[in-house]
Amino acid sequence: MTFSPGSLITIERHILEQQRRYPEATGALTGLLYDIALAAKIIARETTRAGLVNILGAAGSANVHGERQQKLDVFADEVIFRMNDHTGRVCVLASEEHDDLRPIPEHHPRGGRYALIYDPLDGSSNIDVNVSIGTIFAIHRKVSVGERGSLEDVLQPGHKLVAAAYVVYGSSTMLVYSTGQGVHGFTLDPGVGEFLLSHPDIRIPAAPTYYSVNQGYEATWTAGVRQYVAWLQGLDGTREPLGGRYIGSLVSDFHRNLLRGGVYLYPGTPEKPAGKLRLTYEAQPLAFIAAQAGGYASDGLGDVLDLQPTSLHQRVPFFVGNRDLVERAEAYLRTHDTEYLARYAQERQGAAG
Ligand code: FDP
């Protein structure tokens, strides 16, 4: 089914329509995606009230209802876990907030077909200053034997993802998801509490608008990254400069560039060859969505979706956006950063071996 721009489509209906294309589907993934959307609404409700906490709460410890206040990222983590721990759809969960896997509790149904990996509140340094933040989800099919899920289910290459999604809590709350059939964006109507289709079939624009990097770290960059960014800025005279935008909230930076075209980079440095961002719940799902929108993500050496994760919180250098811009980054690194790339490759290999 194709959706015309004027029609009102809820996320529930959209997910169901997508499922209909697969007569063999059991509905488990549909249910899981819907649970994710519901969790997003609950988190959105709290994030929009975050600024009120200090004035409404007594001595910063309790809210008007007398409930103890939780840090928002802990709250988001719990909401997502509790939304999914009892449905029978998920075999194991993993979150940025926990060192280890989060198994399904004993008293809840086991045998779920999917592993859910998530970053409950990304860009959390922006919460206190009222700047947009996000949530990221990655869904893998269970591959381990036995009822209980294991690390094997979580540590799969990105090209094996069944679905990925993110939520931006910004001037509006938006949920963007892909099940491998394009990328679709929904905007939350807070009045009716529904995510409505606002951005069907998102494609990253061919003509890029922005580049995004934390320029404050320039002194730590490799020569290749420095020259690449200079090229993006048009300093070598071969191209028009791209505008610079950096929120410091990965989801928001990624989302803006997905809609406007451009490149986001959080490179590795000689001191930290793998950079800062996490592979399983940041880079992989966003790389999956970028690819579905016609873009590309690289760790500087090659496609992020081909990387085999070796640990849950593994870091990865991340370049994502328009394919030609990301490939140009790879080329700059290949030319100027042979020593750095060799070190990073060795580290990556060591982690895998
Ligand atoms: P944060 O530490 O605020 O949670 O991955 C975490 C992340 O934010 C990303 O969302 C963000 O893009 C990046 O770190 C910002 O890091 P820098 O402050 O080093 O630029």
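Counting starts at 1 for both ligands and their atoms, following the listed order. For reference, positions follow the sequence shown, starting with 1. Computed from heavy atoms alone, side chains included, the values below leave out hydrogens, waters and symmetry copies.
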### Message
Can you confirm whether the side chains of T10 and E194 place a donor and an acceptor under 3.5 Å from each other?
### Response
no
### Query
Salt bridge between E106 and R110, side-chain N to carboxylate O under 4.0 Å?
yes
### Query
Backbone or side chain, does any N or O of V251 fall under 3.5 Å from an N or O of ligand 1?
no
### Task
Specify the protein heavy atom at minimum distance from atom 18 (O) of ligand 1: its residue, its atom name, and the distance to 0.1 Å.
Y217 OH, 3.8 Å
### Summary
S124 heavy atoms within 4.0 Å reach ligand 1 at atoms 1 (P), 3 (O), 4 (O)
### Task
Find the distance between OG (S124) and CG (L72) and round it off to the nearest 0.5 Å.
9.5 Å
### Task
Identify, for atom 11 (C) of ligand 1, the protein heavy atom at the shortest distance, and state residue, atom and that distance.
G248 O, 3.3 Å
### Query
Is there a nitrogen or oxygen of Y246 sitting under 3.5 Å from a nitrogen or oxygen of ligand 1?
yes
### Message
Strictly below 4.0 Å, N to O, side chains only: are E96 and R102 in salt-bridge contact?
### Response
no
### Query
Among all protein non-hydrogen atoms, which one is nearest to atom 10 (O) of ligand 1, and what is the separation to 0.1 Å?
D122 OD2, 2.6 Å
### Summary
A student checking ligand 1 against L277 at a 4.0 Å heavy-atom cut-off should list atoms 5 (O)
### SB check D299 R315 (cutoff 4.0 Å)
no
### Task
Give the numbers and elements of all ligand 1 atoms closer than 4.0 Å to a heavy atom of L250.
9 (C), 10 (O), 11 (C), 12 (O)
### Query
Are any of the N or O atoms of N126 closer than 3.5 Å to those of ligand 1?
no
## Note on the structure
Heavy atoms of S249 and N126 approach each other most closely as CB-ND2, 3.4 Å
### Message
I need the nearest protein heavy-atom contact for atom 19 (O) of ligand 1: residue, atom name and distance, please.
### Response
Y266 OH, 2.6 Å
### Query
atom 8 (O) of ligand 1: which protein heavy atom is closest, and how many Å away?
G123 CA, 3.5 Å
### Task
Could you find the nearest protein heavy atom to atom 13 (C) of ligand 1 and give me its residue, atom name and distance?
K276 NZ, 3.7 Å
### Task
Number the atoms of ligand 1 from 1 as they appear, then name those within less than 4.0 Å of a heavy atom of Y264, with their elements.
12 (O)
### Summary
Taking only non-hydrogen atoms of S125 and a 4.0 Å limit, the atoms of ligand 1 in range are 3 (O)
### Task
Assert yes or no for the condition that the ring centre distance of F254 to Y166 is strictly below 6.0 Å.
yes
### Query
Would a distance-only check, ignoring hydrogens and angles, find a side-chain to backbone donor-acceptor pair under 3.5 Å from Q308 to L155?
yes
### Query
With atoms numbered from 1 as shown, which atoms in ligand 1 lie under 4.0 angstrom from a non-hydrogen atom of E282?
5 (O), 6 (C)
### Query
Would R89 and D35 pass as an ion pair if we require N to O under 4.0 Å?
yes
### F195/H14 under ring pair (Phe, Tyr, Trp, His ring centres under 6.0 Å): CA gap, chis, key distance, verdict
CA-CA 10 Å; F195 277 110; H14 193 271; over 10 Å; no
